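Here the structure comes first, spelled out in structure tokens, and everything after it is commentary.
Keep in mind that what you see is a predicted model, and the values were worked out from it rather than measured. As a basis for the values below, the full set of heavy atoms in this structure was taken, side chains included, without hydrogen atoms, waters or symmetry mates.
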Amino acid sequence: MPSSCDSLMEDIEDMVSSSDPTPHERQSARKSIIPRSRKKKELLSDEELQADSLIPGTQKIWMKTWGCSHNNSDGEYMAGQLAASGYKMTDDPTEADVWLLNSCTVKNPAEDHFRNSIKKAQDQEKKVVVAGCVPQAQPRMDYLKGLSIIGVQQIDRVVEVVDEAVKGHSVRLLGQKKDGGRRLGGARLDLPKIRKNPLIEIISINTGCLNACTYCKTKHARGDLASYPIEELVERARQSFQEGVCEIWLTSEDTGAYGRDIGTDLPTLLWRLVEEIPEGAMLRLGMTNPPYILEHLEEMAKILNHPRVYAFLHVPVQSASDSVLMDMKREYCIDDFKRVVDFLKERVPGVTIATDIICGFPGETEEDFQATIDLVKAYRFPSLFINQFYPRPGTPAARMEQVAAHVKKQRTKELSQVFHSYNPYDHKVGERQHVLVTEESFDSQYYVAHNKYYEQVLVPKRVEFKGKMIVVDIYEAGKHFMKGKPVEDSKPFTPSIAMPLQKGEVSGLLQVSTYMHAYSYSYLCMLLLTFLALYYDLCTGVLTARCEYVHSTVC
């Protein structure tokens with residue numbers, strides 16, 4: 001295939017069944033390399049030799065991910081597969097040959113950053129591959145023309161797409177995975193990955209949702225609800241703990257809706273996962289919308305009280321006005337939200353409820369906004385995500401009559417002032433708490449730990465604390481954190497059942513060793529043939545032979 005050709009495969013639907021090859025088997029098929037010699041009279045230009053001498057799998061790749069923890073999980077899987085196939089992941093975009101940009105479509109600014117990064121890569125003559133919700137929802141945008149795209153359900157095909165991009169081809173995989181007509185949750189959970197934090201495993205329990213919110217662009221990308229089977233999720237958690245993980249995050253567009261498409265529910269999954277969590281390790285639940293948690297309040301309270309589950313729940317309210325909620329098509333009223341919060345606060349003492357609010361949704365009146373202000377004042381949410389409304393192209397809300405820009409900004413500012421008027425942790429100074437240390441602070445001065453309620457506690461940066469459960473006395477409180485002094489006569493407890501992977505190390509390599517051996521052998525053979533050809537050219541001074549490598553790929 002000439003290197004100058006631009007092959008474009010668009011909107012391919014992945015139809016999979018139990019008899020289809022796994023991603024690992026598909027990788028092993030890359031060993032089918034057929035050398036074909038040319039006749040002596042055929043001479044090649046320097047340009048042709050340079051193009052064909054590009055061997056996919058030898059380049060450096062820089063990846064940037066925007067958005068939610070689901071997107072971050074997808075990014076970890078893509079990085080792991082690329083590294084397992086020979087590519088080198090780098091943190092330096094300037095030294096990379098390929099930029100893999102994993103996008104978020106929730107807000108205009110996130111898409112703007114994504115678009116600007118594409119232009120910057122092109123200006124620096126980098127190869128560009130795009131992924132995530134923006135190209136999935138809007139693949140025909142002008143600034144995406146000619147770029148290779150990995151759909152949100154095709155992240156198990158990332159190596160193939162990057163291979164083709166390296167060779168100068170444009171490939172687009174955007175279809176949905178189905179088995180017997182049923183939409184699947186997405187890529188397999190047993191793929192190799194590189195965890196951003198080796199101590200934290202992010203598991204997507206489902207993709208898509210059951211809602212049709214009028215402002216949401218993510219639904220256009222992720223689609224309707226598709227849940228992973230419980231056994232696959234439990235196995236993923238089990239493997240994570242065997243690799244030294246001490247904290248698991250469950251994520252999706254709506255964790256509360258989990259299982260409704262496969263005949264189960266979220267509490268059933270959580271009770272199974274709790275059985276796998278080692279002592280001292282913790283499980284954190286992701287975002288859940290009010291309608292799908294209402295019927296499980298009793299069980300959810302029991303689960304959140306479990307010692308190995310953070311007493312934390314993210315329940316977006318978006319507005320305290322029933323009129324605005326109706327225009328948003330949120331499928332609940334403000335009394336439903338209050339019922340969820342009040343019930344959990346009563347049954348799970350100290351529980352942390354995080355929530356989201358959109359300021360300036362189309363049609364929002366001063367009275368509507370005041371109801372939201374009153375809600376925040378009454379509940380004093382310790383974690384509040386305040387978003388100014390941005391009309392996303394193609395959504396019903398973008399066609400509604402908009403609130404003036406200056407009004408949206410003013411309401412966002414006013415709500416932020418209310419939020420910053422109270423300190424949620426002042427009363428906790430003097431408490432003794434058990435905290436799990438998993439991260440480093442942004443300023444690199446502290447380690448970041450979390451207590452039972454997933455409240456952030458900064459502790460001294462001592463290497464023996466990383467990945468450990470320690471006991472601290474709280475001596476200071478800020479708006480978003482507390483500071484803890486380790487209790488001298490207490491010993492750090494190790495929840496991990498194995499040594500954590502090193503930063504950048506690929507997870508799941510034990511499962512892919514078979515195909516990696518096959519791939520490594522074929523890769524070495526390919527390099528040897530290339531060097532022999534170059535050596536022959538240098539000796540004779542005449543370029544008389546050339547090998548073309550044809551990759552036979554199982555699609």
### Task
Taking all non-hydrogen atoms of both residues into account, name the closest pair between Ile334 and Ala320 and its distance.
CD1-CA, 3.6 Å

### Message
Could you check whether Glu232 pairs with Arg188 (Lys NZ or Arg NE/NH1/NH2 to Asp/Glu carboxylate O, under 4.0 Å)?
### Response
no

### Message
Quick test of your reading of the model: are Lys219 and Glu253 salt-bridged, counting only N-O distances below 4.0 Å?
### Response
no

### Query
Should we count CE of Met89 as having more than 12 external heavy atoms under 6.0 Å?
yes

### Task
Could you point out which residue of Thr494, Val245, Ile497 forms a side-chain contact (heavy atoms from CB on, under 4.5 Å) with Pro278?
Ile497

### Task
Heavy atoms only: give me the nearest Gly67-Asn72 pair and the separation to one decimal.
O-ND2, 3.5 Å

### Task
Measure across Thr251 and Ser69 and return the closest heavy-atom pair with its distance rounded to 0.1 Å.
OG1-OG, 2.7 Å

### Query
Do Val234 and Leu273 touch side chain to side chain, with heavy atoms closer than 4.5 Å?
yes

### Message
Would you say that Trp249 contacts Ser73 through its side chain, given a criterion of any heavy-atom pair below 4.5 Å between the two side chains?
### Response
no

#### Entry: Spacing of Cys333 atom SG and Asp322 atom CG [to the nearest 0.5 Å]
5.0 Å

### Query
Of the non-hydrogen atoms in Leu199 and Gly244, which two are nearest, and what is the gap between them?
CD2-O, 4.0 Å

#### Entry: Rounded distance [0.5 Å steps], OG1 in Thr395 versus OH in Tyr215
11.0 Å

### Pairing residues for Glu331 by the salt bridge (Lys or Arg N to Asp or Glu O under 4.0 Å) criterion, not counting sequence neighbours
none

### Task
Test Leu375 against Phe337 for side-chain contact (heavy atoms from CB on, under 4.5 Å), laying out the working first.
CA-CA 11 Å; Leu375 181 78; Phe337 174 80; 4.2 Å; yes

### Query
Below 4.0 angstrom, N of the basic side chain to O of the carboxylate: do Lys196 and Glu76 qualify?
no

### Leu100 versus Ala131, closest heavy-atom pair with distance
CD1-CB, 4.4 Å

### Task
Examine distances only and state if a side-chain atom of Gln242 and a backbone atom of Ala498 form a donor-acceptor pair shorter than 3.5 Å.
no

## Note on the structure
With sequence neighbours left out, the residues meeting side-chain hydrogen bond (donor to acceptor under 3.5 Å, both in side chains) with Ser252 are Asn206

### Query
Can we say Arg392 and Glu111 salt-bridge, meaning some charged N sits less than 4.0 Å from an Asp/Glu carboxylate O?
yes

### Message
Does any part of the side chain of Thr255, heavy atoms only, come nearer than 4.5 Å to the side chain of Ile205, both counted from C-beta?
### Response
yes

### Message
So for atom CG, which belongs to Asp91, do other residues, nucleotides or ligands contribute more than 12 heavy atoms lying within a distance under 6.0 Å?
### Response
no

### Message
I want to check a possible cation-pi pair here: Lys64 against Trp66, using under 6.0 Å from ring centre and within 45° of the ring axis as the test.
### Response
yes

### Message
How about NE2 on His113, more than 12 heavy atoms from neighbouring residues, nucleotides or ligands closer than 6.0 Å, or not?
### Response
no

### Query
Given side chains that start at C-beta, do those of Ile248 and Phe241 come closer than 4.5 Å, heavy atoms only?
yes

### Message
Tell me whether Thr355 contacts the main-chain N or O of Val317 through its side chain, where contact means a donor paired with an acceptor under 3.5 Å.
### Response
yes

#### Entry: Any residue meeting side-chain contact (heavy atoms from CB on, under 4.5 Å) with Thr264, in chain and number order, not counting sequence neighbours
Ile230, Tyr258, Ile262, Thr268

### Summary
Shortest non-hydrogen pair, Thr352 vs Pro382, comes out as CG2-CG, 3.9 Å

### Task
Decide yes or no on side-chain contact (heavy atoms from CB on, under 4.5 Å) for Gln81 and Asp156, but give the supporting numbers first.
CA-CA 8 Å; Gln81 292 171 87; Asp156 57 342; 4.0 Å; yes

### Query
So does Asp74 pair up with Arg222, basic N to acidic O under 4.0 Å?
yes

Enumerate, atom names and distances included, each donor-acceptor pair closer than 3.5 Å involving a side-chain atom of residues 279-294, sequence neighbours excluded.
unit_1, atom_1, unit_2, atom_2, d
Arg284, NH1, Tyr454, OH, 3.2
Thr288, OG1, Gly256, N, 3.3
Asn289, OD1, Arg330, NH1, 3.4
Asn289, OD1, Arg330, NH2, 2.7
Asn289, ND2, Asp254, OD2, 3.2
Tyr292, OH, Asn211, OD1, 2.7

### Task
Can you measure from CZ (Phe361) to CG (Asn387) and round to the nearest 0.5 angstrom?
13.0 Å

#### Entry: Intermediate values then yes/no, side-chain contact (heavy atoms from CB on, under 4.5 Å), Glu201 and Arg195
CA-CA 7 Å; Glu201 166 74 359; Arg195 297 185 183 95; 2.6 Å; yes

### Side chain proximity check, Pro198 to Gln502, heavy atoms < 4.5 angstrom
no

### Task
Kindly write out the residues that satisfy side-chain hydrogen bond (donor to acceptor under 3.5 Å, both in side chains) with Lys461, not counting sequence neighbours, or none if the list is empty.
Glu440

### Task
Kindly compute the distance separating OG (Ser227) from CG (Asp265), expressed to the nearest 0.5 Å.
10.5 Å

Show which side-chain atoms of residues 476-483 pair as donor or acceptor with protein atoms under 3.5 Å away, not counting sequence neighbours.
unit_1, atom_1, unit_2, atom_2, d
Lys479, NZ, Phe419, O, 2.4
Lys479, NZ, Tyr422, O, 2.7
Lys483, NZ, Tyr446, OH, 3.1

### Query
Would Arg347 and Lys302 satisfy side-chain contact (heavy atoms from CB on, under 4.5 Å), going step by step from the backbone distance to the final call?
CA-CA 8 Å; Arg347 301 294 183 91; Lys302 294 175 184 177; over 6 Å; no

### Task
Compare all side-chain heavy atoms of Lys428 with those of Tyr453 and state whether any distance is below 4.5 angstrom.
yes

### Message
In the structure I gave you, are the side-chain heavy atoms of Asn305 and Pro349 within less than 4.5 Å of one another anywhere?
### Response
yes

### Carboxylate-amine/guanidinium contact Asp342 Lys345, below 4.0 Å
no

### Under 3.5 Å donor-acceptor, Lys217 side chain and Pro393 backbone
yes

### Query
What about His314 and Phe385, are their ring centers closer than 6.0 Å?
yes

### Query
Which value, rounded to the nearest 0.5 Å, describes the distance between Asn102 atom CG and Ser117 atom OG?
12.0 Å

### Query
Is there a side-chain contact between Leu501 and Ser507 (heavy atoms, below 4.5 Å)?
yes

### Task
Give a yes or no answer on whether the side chain of Glu299 reaches the backbone of Pro267 with a donor-acceptor pair at less than 3.5 Å.
no

### Query
Atom NE2 of His420 and atom CG of Leu415: how far apart are they, to the nearest 0.5 Å?
9.5 Å

